[in-house]
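To start, the structure itself, in structure tokens.
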Amino acid sequence: MIKRLANGEDFCQAVDDLTKALDLEEEDKNYHYLLPNGVDSIKKAFGHSRVLTSKVFVWANLNNSGSYDAAIIFLKNKDPRHGVEMFSEYIWLSSNPRAGYKLLATAIKFARDNGFEFIQMGCSEKSPNKDKVKSLYKKLGFLKDSETYIARL
């Protein structure tokens, strides 16, 4: 069941469930270069009802066993380069492929219904599904805008 998470307790439970289901604390499951997954940091930053109803939008799939097996997080932010408000994907994780696409469709419908003009999606280069995700974005009409690089100083 797809559910919008608007309180800190549900949000933190979803983060914990997905961290466990996807082994996100294991070094080889970290889909980013140089920086570890910041599970506690994400919970502290976004796990508040006020944030989850105004600037951070989260949907998750609650499975039949009562745990979350997929989630998508979007941020509402004004892009200073272009002067427009963006609906920007922050994280999209799933151990349940069927729920993963439903989450994206739900988020896109929400963005349209709430007057967002632009949506921004990303993909980590270390993700084992990066080619599938990039192909999906192209099929949905997304245009590749830029690439980001990181280095240790």
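For the numbers below, each heavy atom of this structure counts, side chains included, while hydrogens, waters and symmetry mates do not.
Using modelled atom types, no side-chain atom of Asn63 and backbone atom of Tyr68 make a donor-acceptor pair closer than 3.5 Å. Side chain of Thr19 to backbone of Val15: a donor-acceptor contact under 3.5 angstrom is found. Between the Asn7 side chain and the Asp10 main chain, a donor and an acceptor come within less than 3.5 Å of each other.
Distance check: Leu75 CG to Glu89 CD gives 9.5 Å after rounding to the nearest 0.5 Å. Expressed to the nearest 0.5 Å, how far CD1 of Ile119 lies from CD1 of Ile108 amounts to 4.5 Å. To the nearest 0.5 Å, atoms CG (Leu104) and CD1 (Ile72) are separated by 5.0 Å. The NE2 atom of His82 sits 9.0 Å away from atom CZ of Phe118, with the distance rounded to the nearest 0.5 Å. If you take CG on Asn61 and OG on Ser67, they are separated by 9.5 Å, rounding to the nearest 0.5 Å. With rounding to the nearest 0.5 Å, the separation of CG in Leu93 from OG in Ser127 is 9.0 Å.
Within 6.0 Å of CG on Asp113 lie more than 12 heavy atoms contributed by other residues, nucleotides or ligands. Annotation: Arg112, atom CZ; neighbour count of heavy atoms from other residues, nucleotides and ligands within 6.0 Å does not exceed 12. Within a 6.0 Å sphere centred on CG of Asp145, other residues, nucleotides and ligands contribute 12 heavy atoms or fewer. In this structure, Lys102 places its NZ atom where only 12 or fewer heavy-atom neighbours from other residues, nucleotides or ligands lie under 6.0 Å away.
Met86 and Ile91 fall into different hydrophobic clusters, where Ile, Leu, Val, Met, Phe, Trp and Tyr are joined by side-chain heavy atoms under 4.5 Å apart, directly or via other members. Residues Leu136 and Phe74 share a single hydrophobic cluster, defined by chaining ILVMFWY side chains whose heavy atoms lie under 4.5 Å apart. Hydrophobic clustering (side-chain heavy atoms under 4.5 Å, transitive across Ile, Leu, Val, Met, Phe, Trp, Tyr) keeps Leu103 apart from Ile73.
Under the 4.5 Å side-chain criterion, counting only non-hydrogen atoms from C-beta, Tyr90 is not in contact with Val56. Side-chain contact between Phe11 and Val58: present, with at least one pair of heavy atoms (C-beta onward) separated by less than 4.5 Å.
Contact record, Trp92 with Met121: CE3-CE, 3.9 Å, taken as the closest heavy-atom pair. Considering all non-hydrogen atoms of both residues, Gly8 and Leu52 come closest at N-CD1, 3.9 Å. Across all their heavy atoms, Asn77 and Ser88 have their closest contact at OD1-OG, 3.0 Å. Considering all non-hydrogen atoms of both residues, Ser94 and Leu22 come closest at O-CD2, 3.8 Å. Taking every heavy atom of both residues into account, Gly83 and Lys78 meet most closely at O-CE, 3.5 Å. In terms of heavy-atom proximity, Asp17 sits nearest to Gly66 at OD2-O, 4.5 Å.
Between Phe87 and Phe57, the angle of the ring planes lies from 30° to 60°, which puts this pair in the tilted group. Taking the six-membered ring where tryptophan is involved, the planes of Phe110 and Phe116 are tilted, since the angle between them lies from 30° to 60°.
When the ring-ring contact (aromatic ring centres under 6.0 Å, His included) test is applied to Tyr137, the partners found at least two apart in sequence or on another chain are Phe142. Ala21 pairs by the side chain to side chain contact (heavy atoms under 4.5 Å, CB included) definition with Ser95, not counting sequence neighbours.
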Lys44/Asp40 under salt bridge (Lys or Arg N to Asp or Glu O under 4.0 Å): CA gap, chis, key distance, verdict: CA-CA 6 Å; Lys44 287 178 187 172; Asp40 289 333; over 6 Å; no
